[in-house]
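Read the structure below first, then the notes.
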Amino acid sequence: MSAASSLLSEEQFLCSICLDVFTDPVTIPCGHNFCKNCITQHWDINAPCQCPLCKTRFHRRPVLHVNTFISEMAAQFRKSAQMKATDSVRVFTALMQSVERGQAELIETIEEKQKTTEKQAEGFIKELEQELSELMKRTAEVEQLSRTEDHLHLLQSFPSLNTPPHTKDWTEVSVHRSSYEGTVRRAVAQLEETVRKEMEKLLEAELKRIQQYAVDVTLDPDTAYPSLILSDDGKQVNCGDVKKNLPENPERFSVCPCVFGKQSFSSGRFYYEVQVKGKTDWDLGVARGSINRKGKITLSPNNGYWTVCLRNGDEYKASAGPSVVLSLKSKPQKVGVFVDYEEGLVSFYDVDAAALIYSFTGCTFTEKLYPYFCPGNNDGGKNSAPLIISPVNHND
């Protein structure tokens with residue numbers, strides 16, 4: 001997708017009649033676009049012949065020709081939507097298969113344990129039945145002898161009858177109830193691992209898609225705090241120890257070591273990447289153009305900032321007002337910033353790990369947004385590494 005088209009929103013390629021992505025889009029004389037079939041059917045049903053949006057009337061029905069540019073762009077958006085749907089189906093299919101497989105294995109394990117327990121219980125029952133049979137037999141013999149009048153025979157039989165038959169000490173025997181907690185725990189752990197792997201694949205595909213919205217960002221020296229050092233190409237910034245004597249223009253930050261990008265965005269989607277390697281402190285994100293630059297800055301969406309930051313080398317936070325502590329598996333070396341203006345979304349990515357760092361959602365943007373950079377104070381050289389706006393490595 002070209003850089004120009006990447007700034008357009010998907011809503012611009014939806015037909016206002018069917019509310020779906022254009023199919024054979026046509027442009028009518030007033031400049032509005034519709035699916036060819038949608039506008040044709042609309043005019044077949046409704047009279048007089050007019051635009052469904054602006055209500056401009058036409059004395060005769062316009063000749064309709066497919067707008068090839070919009071058609072190609074709509075096809076690209078449809079392809080992007082199909083890719084998302086395919087990825088989603090693949091992820092949920094893998095999860096469903098994992099759940100079904102785990103369920104089948106759990107049921108099989110439970111049934112095997114149940115069979116083992118039942119077999120053990122059956123063995124105990126047989127032993128008990130044999131012992132009971134022996135006892136009943138001995139009881140019958142004793143009752144028979146008790147009725148005999150042959151005292152000699154009674155005395156001769158007494159020693160053998162006086163010896164009890166061998167029986168097991170059943171007080172120490174029990175049928176243990178099967179425990180399935182470990183089996184269930186293993187099945188859940190396997191499912192969690194599957195979810196983790198599928199999420200990694202999904203995020204990798206997501207990052208590749210949003211990298212298509214990459215824009216060329218350069219730093220604006222007119223906004224830079226006087227102690228900041230900007231490279232000649234406007235791609236790098238770090239904080240020096242000397243505060244330069246610069247014009248005090250309204251755009252310049254006066255207290256905090258911050259700088260805006262030159263480029264502003266008031267619609268569509270945009271993405272850029274910043275190398276943060278070797279730094280112990282930084283802030284990155286976007287900000288409203290109208291924010292107050294002449295005093296202490298409190299980073300939060302309510303104040304017009306959507307940022308994440310690093311403090312003390314290993315403390316990551318999202319400045320969400322109040323701040324949200326971020327627990328990251330790895331230390332990002334390059335951070336990707338993505339904004340969907342109409343969707344109200346600002347997302348941050350660990351580019352090398354293809355992992356989501358944080359997302360601000362449900363945002364409301366009503367004015368121009370600028371890329372925002374704060375390399376942090378030099379801190380005696382500990383934080384001297386620059387923030388570097390890096391070229392985006394587009395992947396097919």
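- The backbone N or O of Val259 sits nowhere less than 3.5 Å from a side-chain atom of Arg252 that would complete a donor-acceptor pair.
- Residues Val325 and Ser323 form no side-chain contact, since every pair of their non-hydrogen atoms from C-beta on lies 4.5 Å or further apart.
- Contact annotation: the side chain of Asp283 approaches that of Arg311 to within less than 4.5 Å [non-hydrogen atoms, C-beta and beyond].
- The residues Arg61 and Asp44 are annotated as salt-bridged, a charged nitrogen and a carboxylate oxygen being separated by less than 4.0 angstrom.
- Ion pairing between Lys331 and Asp352 fails under the 4.0 Å rule for side-chain N and carboxylate O.
- A donor-acceptor contact closer than 3.5 angstrom links the side chains of Asp233 and Ser231.
- Atoms NZ and SG, from Lys55 and Cys30 in turn, are 11.0 Å apart once rounded to the nearest 0.5 Å.
- Two residues are said to be in side-chain contact when any heavy atoms from C-beta on lie closer than 4.5 Å; Leu228 and Pro375 meet this criterion.
- Put simply, the side chain of Pro301 does not reach to within 4.5 Å of the side chain of Cys363, judged on heavy atoms.
- Here the side chain of Lys235 pairs a donor or acceptor atom with the backbone of Val217 at under 3.5 angstrom.
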Next on the checklist: Evaluate Ser16 against Phe34 for side-chain contact (heavy atoms from CB on, under 4.5 Å), listing each step before the verdict.
Outcome noted: CA-CA 7 Å; Ser16 60; Phe34 306 92; 3.1 Å; yes
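- Using bins of under 30°, 30° to 60° and over 60° for the plane-to-plane angle, the ring pair Phe270/Phe265 lands in the parallel bin.
- Taking each heavy atom of Ala355 and Leu203 in turn, the nearest pair found is CA-CD1, 4.3 Å.
- Among all heavy-atom pairs drawn from Pro250 and Arg293, the shortest one is O-CD, 4.2 Å.
- With hydrogens and angles disregarded, no donor-acceptor distance shorter than 3.5 Å links the side chain of Asn378 to the backbone of Ser384.
- Proximity of a side-chain donor or acceptor of Arg269 to a complementary backbone N or O of Val339 within less than 3.5 Å is not detected.
- The line from NZ of Lys368 to CZ of Arg288 is 15.0 Å long, rounded to the nearest 0.5 Å.
- Hydrophobic clustering of Ile, Leu, Val, Met, Phe, Trp and Tyr side chains at less than 4.5 Å, counting indirect connections, unites Leu328 with Val346.
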Item to check | Stepwise side-chain contact (heavy atoms from CB on, under 4.5 Å) test for Met136 and Leu132 | outcome: CA-CA 6 Å; Met136 291 178 67; Leu132 183 60; 4.0 Å; yes
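- When side chains are defined from C-beta on, Pro29 does not count as touching Thr56, because their heavy atoms never get closer than 4.5 Å.
- Aromatic ring orientation, Tyr272 versus Phe373: tilted (interplanar angle from 30° to 60°).
- Ile229 and Leu219 fall into different hydrophobic clusters, where Ile, Leu, Val, Met, Phe, Trp and Tyr are joined by side-chain heavy atoms under 4.5 Å apart, directly or via other members.
- At distances below 3.5 Å, not a single donor-acceptor pair connects side-chain atoms of Lys36 with backbone N or O atoms of Pro25.
- Tyr271 and Tyr213 have their aromatic ring centers separated by at least 6.0 angstrom.
- Considering every non-hydrogen atom in both Cys51 and Cys54, the closest pair reads SG-N, 3.5 Å.
- Between the side chains of Glu273 and Tyr349, no donor-acceptor pair of N or O atoms lies under 3.5 Å.
- For the 3.5 Å distance criterion, the side chains of Asn312 and Glu315 qualify, holding a donor opposite an acceptor.
- No donor-acceptor contact under 3.5 angstrom links the side chains of Asp379 and Thr280, judged on distance only.
- Ring centers of Trp306 and Phe365: under 6.0 Å apart, within the cut-off.
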Checklist entry - So Cys258 and Tyr372, side-chain contact (heavy atoms from CB on, under 4.5 Å) or not? Walk me through it. => result CA-CA 7 Å; Cys258 313; Tyr372 170 84; 3.0 Å; yes
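- Listed here is the closest heavy atom pair of Ile291 and Asn303: CG2-O, 3.3 Å.
- Annotation: the span from Cys374 atom SG to Leu310 atom CG amounts to 11.0 Å, rounded to 0.5 Å.
- Within the 3.5 Å criterion, the main-chain N or O of Ala385 finds no donor-acceptor partner in the side chain of Asn238.
- Going from atom SG of Cys309 over to atom CG of Leu299 covers 7.0 Å, rounded to the nearest 0.5 Å.
- Ser80 contributes atom OG, which lies 8.0 Å from atom CD of Gln212 (distance to the nearest 0.5 angstrom).
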Item to check | Test side chain to side chain donor-acceptor pair (under 3.5 Å) applied to Glu367 and Ser290, step by step | outcome: CA-CA 8 Å; Glu367 58 180 274; Ser290 63; 2.8 Å; yes
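- Contact detail for Cys239 and Pro257: the closest heavy-atom pair is SG-CB, 4.2 Å.
- In this structure, a donor-acceptor pair under 3.5 Å is present between the side chains of Thr27 and Asn67.
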Next on the checklist: Checking Phe260 against Tyr370 for the ring-ring contact (aromatic ring centres under 6.0 Å, His included) test, could you report, in this order, the C-alpha distance in whole Å, the side-chain angles of both residues, the deciding distance, and whether it holds?
Outcome noted: CA-CA 6 Å; Phe260 268 0; Tyr370 288 83; 5.2 Å; yes
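- Remark: the backbone N or O of Asn377 is paired with a side-chain donor or acceptor of Asn383 at under 3.5 angstrom.
- Looking at heavy atoms from C-beta onward, Val286 lies out of side-chain contact with Tyr341 at the 4.5 angstrom threshold.
- The pair Glu251-Lys294 fails the salt-bridge criterion, with no side-chain N (NZ, NE, NH1 or NH2) lying under 4.0 Å from an Asp/Glu carboxylate O.
- At a threshold of 4.5 Å between non-hydrogen side-chain atoms, the residues Val276 and Leu284 count as touching.
- Taking the six-membered ring for Trp, Tyr358 and Phe360 have ring centres closer than 6.0 Å.
- Looking only at side-chain heavy atoms (C-beta outward), Leu387 and Ile389 stay at 4.5 Å or farther from each other.
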Item to check | Residue pair Gln236, Leu230: steps toward the side-chain contact (heavy atoms from CB on, under 4.5 Å) verdict | outcome: CA-CA 6 Å; Gln236 301 186 29; Leu230 277 61; over 6 Å; no
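- No side-chain N or O of Glu342 forms a donor-acceptor pair with one of Ser267 less than 3.5 Å apart.
- In this structure, Lys244 places its NZ atom where more than 12 heavy-atom neighbours from other residues, nucleotides or ligands lie under 6.0 Å away.
- Note on Leu14 and Val26: separate hydrophobic clusters, where clusters join Ile, Leu, Val, Met, Phe, Trp and Tyr whose side-chain heavy atoms are under 4.5 Å apart, directly or indirectly.
- Side-chain polar atoms of Ser254 and Glu248 form no donor-acceptor pair below 3.5 angstrom.
- Annotation: the span from Thr223 atom OG1 to Asp220 atom CG amounts to 4.5 Å, rounded to 0.5 Å.
- For Asn245, the CG atom sits in a loose shell: 12 or fewer heavy atoms of surrounding residues, nucleotides or ligands are nearer than 6.0 Å.
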